[in-house]
Visitor: 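Quick one: the structure is below, questions incoming.
First the proteins, then the strands, lettered A, B, ... as listed; each starts at 1. Values below: all heavy atoms of this structure, side chains included; hydrogens, waters and symmetry mates excluded.
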There are 2 protein chains.
Amino acid sequence: MTDDDRAGRRAAIMAAAAGCFAADGFHTTSMADIIRASGLSAGAVYSYFRSKEELITAVAGLPLANAEAVFAALPADDAAPSPAEAVAALVQGVVARAADDPALGVDITRLAVQVWGEALRNPEVRGRVSAVYRTLRDHCTEVARRWQAAGNLPPEARPDEVGAAMLGLAQGFLLQRLLLDEATAEGYIAGATAVLAH
Amino acid sequence: MTDDDRAGRRAAIMAAAAGCFAADGFHTTSMADIIRASGLSAGAVYSYFRSKEELITAVAGLPLANAEAVFAALPADDAAPSPAEAVAALVQGVVARAADDPALGVDITRLAVQVWGEALRNPEVRGRVSAVYRTLRDHCTEVARRWQAAGNLPPEARPDEVGAAMLGLAQGFLLQRLLLDEATAEGYIAGATAVLAH
DNA sequence: CACGCTAAAACGAACGCTCGTTCTTGACAA
DNA sequence: TTGTCAAGAACGAGCGTTCGTTTTAGCGTG
C-alpha cells in the first residue's frame, strides 16, 4: 500500500467522521457510527487513528484550515477592499463552504460550531482555535489598515479593533445561518454594509 | 416540603448541572458528575428530573432567558439609542453575565456556546433557540427602526437587516471573548463603534 | 410530653447496556 | 510461504437509570 493510498484512506475516514460529527457532535457520535459510515472495520479505523480523541483533533482542524483559506484571500495583493466588501466576501465564503463540500460531503460550518464547544474543554483544540482565530482577525485588521491608509477610516480608529468587529460580523452570520433558518447572505450583507458604510 | 422548597432544590440541581455543562459540555459530563456536584444522591436528582435529557433541556434555557433579558432592555421606553450604543450595551451585558452569576456560579456565555452545538442536533433545543434568537434580532431591529425614523440611517436601509448585523456583532464578541483571550469589551466596542459610526 | 405510626424524601448499590478499544482470525497479494 | 491488512467478536469500564431500603419530619394518641 503506497503512502498516497494510506493518506487517501485516512482522509476518507476523516470525511466519514466529519459527517457524523457535524450531524451529532463529537461526543454523541460513537466510534461504531464512524466505523459504519466509513464502510471499514473497527480494526481498520484504529490502524489509522490511535483513538477517538485523535480523530476529533484531526477533524477539528478541517473547519479551521477552511476558514484560514477564506480569510487569507481577503487582502489580495495590494488591493484595498472596504470593510463592507471584505465582510461580504467572508459571508459569501461561509455560504460557499456550507454547501456540502464535495470532497467532504459535510456542511463544514456545523463542524465549526462543534469545534467552538470543544475548544472550551479541550486544551489542544482550544490552542489551535485561538491561534487560527488570531490570524483571521489579523487578516481583517490588514483590510482595515489599508482602508485607513486610503483615508476612508478616521485616523483615531484602531485597525485591530475594527478587524475584531469584522471577524465578529462573519462569526455572527455563520451562527445565524445555522440557527435562524431565514437568515440569508444577501440580507446579512446588506445589513452589515449599511452598518459599515460611511 | 413546600412548593418553594421543591423549586429551590430543583434550581440548585440545575445550577450544579450548569456548572458541569459549562465546564465540560452536555455529553461529556456524566450524571455521576452532576450528582456529585449537587451534593445529593442519584435517586434524589432523578426525582426532580426524569432523565439527563430533561436536565439538558432545562439548563439550555438558562442562557436563552438571560439573553432575552439583556436584549429586552435595549429599546428602553421611547429612547432611541444609536446602533453603536446598543451594541455597546449588549457587549457589556455579555461581560456582566459572564462574570460567574452569583445565583448560578457559572459563566453563562460558555453555556451559550454549548447550547449552539446542542441546537444543531436536538430539535427541541433548536426550536427554542431559533424562537429566542428571532426575538433578540427583533429587539435590535427596533433600535434600527427608531434610529432610521430619527433620520440617522439612510431610508433605503432595511432595519431588520441592520438588526441582524447588530445581533451578529454581539454574538461575535461572546465568542471572541471565550476563544481569543485578549478580546476586551472596550476594544470590541471601539471597533464596532468605528464601524457603525456615520 | 412521649411515643409510635405514616408518608415523603433521600440514599446508593446494582443492573443492563453501550462505549472505546484490543486482538485473534482469515484472506489476499507478492 | 510469508507478510500485510482488514474483519469483527470479545472485553472491561463506565454510562444512565432503577428500585429496595433507610432516614427524616410531622401528626395523632394516650
Visitor: Rounded to whole Å, please give me the gap between CD1 in I13(B) and P in dA9(C).
Guide: 13 Å
Visitor: To the nearest angstrom, how far is Y48(B) atom OH from dG16(D) atom P?
Guide: 21 Å
Visitor: Would you tell me whether E68(A) and H139(A) have side-chain atoms, one donor and one acceptor, within less than 3.5 Å of each other?
Guide: no
Visitor: Would you mind reading off the distance between R6(A) atom CZ and dT4(D) atom C1', rounded to a whole angstrom?
Guide: 10 Å
Visitor: Taking atom C1' of dG16(D) as reference, at what distance in whole Å does atom CZ of F26(B) sit?
Guide: 17 Å
Visitor: Would you please name every residue forming a side-chain contact (heavy atoms from CB on, under 4.5 Å) with A98(B), sequence neighbours left out?
Guide: D107(B), T109(B), R177(B)
Visitor: Under 4.0 Å between a side-chain N or O of S41(A) and OP1 or OP2 of dA7(D)?
Guide: yes
Visitor: Do the ring planes of W116(A) and Y133(A) sit parallel (below 30°), tilted (30 to 60°) or perpendicular (above 60°)?
Guide: perpendicular
Visitor: Give a yes or no answer on whether the side chain of R126(B) reaches the backbone of A119(B) with a donor-acceptor pair at less than 3.5 Å.
Guide: no
Visitor: How many Å lie between CD1 on I34(B) and P on dC15(D), as a whole number?
Guide: 11 Å
Visitor: Could you tell me whether the phosphate oxygens of dA10(C), OP1 or OP2, come under 4.0 Å of any side-chain nitrogen or oxygen in R9(B)?
Guide: yes
Visitor: Under 4.0 Å between a side-chain N or O of S30(B) and OP1 or OP2 of dG14(D)?
Guide: no
Visitor: Just how far is it from atom CG of L90(B) to atom CD of E85(B), taken to the nearest 0.5 Å?
Guide: 12.0 Å
Visitor: Is any NZ, NE, NH1 or NH2 atom of the basic residue among R134(B) and E182(A) found under 4.0 Å from an Asp or Glu carboxylate oxygen of the other?
Guide: yes
Visitor: Atom CZ of R10(B) to atom P of dA10(C): distance rounded to whole Å?
Guide: 14 Å
Visitor: Please report the distance, rounded to the nearest Å, between CZ in R36(B) and C1' in dA10(C).
Guide: 18 Å
Visitor: Return yes if a side-chain donor-acceptor contact under 3.5 Å exists between S30(B) and D33(B), otherwise no.
Guide: yes
Visitor: Find the distance E54(B):CD to dG16(D):P and express it as a whole number of Å.
Guide: 15 Å
Visitor: Pick out the pairs of N or O atoms, protein on one side and nucleotides 17-22 of chain D on the other, that lie under 3.5 Å.
Guide:
{"from": "dT17(D)", "atom 1": "OP2", "to": "Y46(B)", "atom 2": "OH", "distance (Å)": "2.5"}
{"from": "dT17(D)", "atom 1": "OP2", "to": "K52(B)", "atom 2": "N", "distance (Å)": "2.8"}
{"from": "dT17(D)", "atom 1": "O5'", "to": "Y46(B)", "atom 2": "OH", "distance (Å)": "3.3"}

Visitor: Under 4.0 Å, heavy atoms only, any strand: does T29(A) hit a base, just the sugar-phosphate, or nothing?
Guide: sugar-phosphate
